[in-house]
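Data first, discussion second: the structure below is written as structure tokens.
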Amino acid sequence: MGSVTPDKTLDVKGKICPYPDMDTMTTLKKMEKGQILEVFLDYPLSVERIPRNLKKQKHKLLSSEQIDGPIHRLLIEAHGLK
Amino acid sequence: MNLVLTGLILGIVFGFILQRGRFCMNSAFRDVVLLKDFTLLKSVGAALLVMLVGFALMNMTGVITLNPKPLVWGANLLGSFVFGIGMVIAGGCASGITYRTGEGMVGAITAVIGLSLGGYMTAAGFLASFKTNLQGSTKLLAADGSNLTLANLFGMNHALLAFIIAAIAIVVWYLLARGNEDDEMWGASEGTLFDKIFKKGWGWLTTGLLIGLVGIAAYPLSAAAGRNYPLGITAGWIGIVKRILSPENTLGWLSWLIIGIIVGAFIAAIIAKEFKFRVPKAGVMLQTFAGGLLMGFGAVTSGGCNIGHLLSGVPQLALGSILAGISIILGSWLTAYVMFVRPQK
């Protein structure tokens, strides 16, 4: 996914349950349709739970990669409020 | 072989499953109100069903003797409600913070320190008389002096009632789940079998069924070591505190289970490349420590945590455990609302 340039980056490494999910969802809510959010997180439960819950808000997971130990990088396309 | 060591071995298996399944009752209950996510709740339900049937069969055939905890309604209500508040603040239930200790999450380590100290102070420290008085003054027994369960409350055979409840639950579940596709209930839909087991998180059904089987295996193994009860967490941590405070205390089956959980979760995390010491901000560690203290106080007051009461007592149909379970859920929902839902409005 090197070709995708994120519009915004969110670093929730070291945060405890459920802040990685909450922060990601609230940030996505404020973004315009089609904008890309990049999230760095190191909490395994959220790495799986965030993609599961994106679908409900109609956001789109572009990629999820394990980059270093528990640290993952998610790329998400915001659905936008309008 | 020393019989308490079966606790260590089963603990390693349990810890491995907890880590792979990301099993946490804090998330299970809280996510229902917070994210409308029912995944882990379904995992808890599957585990309870397996144990409900398994315990009834083992009790019927004489493999185990059921040992439901007493109904101490005041202590169950207050203690478990405080426990439910504490686990949302701590960011994990008693088993969740224990397995995440093995993943290297320092916020979980400060939470288990809080749980152990809060539990110890309530079991043997300055809060012990409060707990004993509350339990003593609100204890209710069946007419024959035994601990109250749904079975002796209705005057029914335990196994028969357990099978009826299980059958109803399965039918209701089937009706509710109909039409909801769930392609990842067993695990990840892509990747090799090795990746599905050791690299990706397990599906809720796989996790729930396996935790149910761990509970079933725990009962006779623990009983053989002189502790007639299936799984637990908080009392195991208190046992570790007592051993540290005075070396003449030996570790019991449950404390070995705790050590096993940490080792098992560590092994699972290493294989998945998910182990790392992750140190949150000081304020977060203080928060999880405080949450842990509340959990320890609540669990000992009520006579069990989410594992001792909810996961192990509910399948025995113990009234005290059912009340404690409801109270844990209500405490967690209230706290999730105050901490996360209301600030967003």
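Just so it is clear: chains get the letters A, B, ... in the order the sequence lines come, proteins before strands, and each one is counted from 1.
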Working to the nearest 0.5 angstrom, can you tell me the gap between B:Leu34 CG and A:Cys17 SG?
9.0 Å

Heavy-atom cut-off 4.5 Å, strictly under: side chain, backbone, both or neither for A:Gln66 against chain B?
side chain

Nearest 0.5 angstrom please: A:Ile71 CD1 to B:Glu274 CD, how far?
12.0 Å

Checking heavy atoms, do the side chain of A:Lys56, its backbone, both or neither come under 4.5 Å from chain B?
side chain

Which atoms form the tightest heavy-atom contact between B:Arg278 and A:Tyr43, and what is the distance?
NH1-CA, 4.4 Å

Check whether B:Glu103 gets within reach of chain A through its side chain, its backbone, both or neither, counting any heavy atom under 4.5 Å.
side chain

Calculate, to the nearest 0.5 Å, the distance between atoms CE and CD belonging to A:Met25 and B:Gln344 respectively.
10.5 Å

Taking side chain as everything from C-beta outward and backbone as N, CA, C, O, which of these in A:Ile16 sits under 4.5 Å from a heavy atom of chain B? Side chain, backbone, both or neither.
side chain

Side chains of A:Asp42 and B:Lys276, heavy atoms from C-beta outward: is any pair under 4.5 Å?
no

Shortest non-hydrogen contact from A:Tyr19 to B:Gln287?
OH-NE2, 4.4 Å

Under 4.5 Å from a heavy atom of chain A, the part of B:Ala336 involved
neither

Given side-chain contact (heavy atoms from CB on, under 4.5 Å), test B:Thr39 with A:Arg52 step by step and report yes or no.
CA-CA 9 Å; B:Thr39 312; A:Arg52 208 158 61 213; 3.1 Å; yes

Given a strict heavy-atom distance threshold of 4.5 Å, which part of B:Lys200 is in contact with chain A: side chain, backbone, both, or neither?
backbone

I need the minimum non-hydrogen distance between A:Pro70 and B:Phe275, along with the two atoms involved.
CD-O, 4.0 Å

Side chain, backbone, both or neither: which part of A:Asn53 has a non-hydrogen atom closer than 4.5 Å to chain B?
side chain

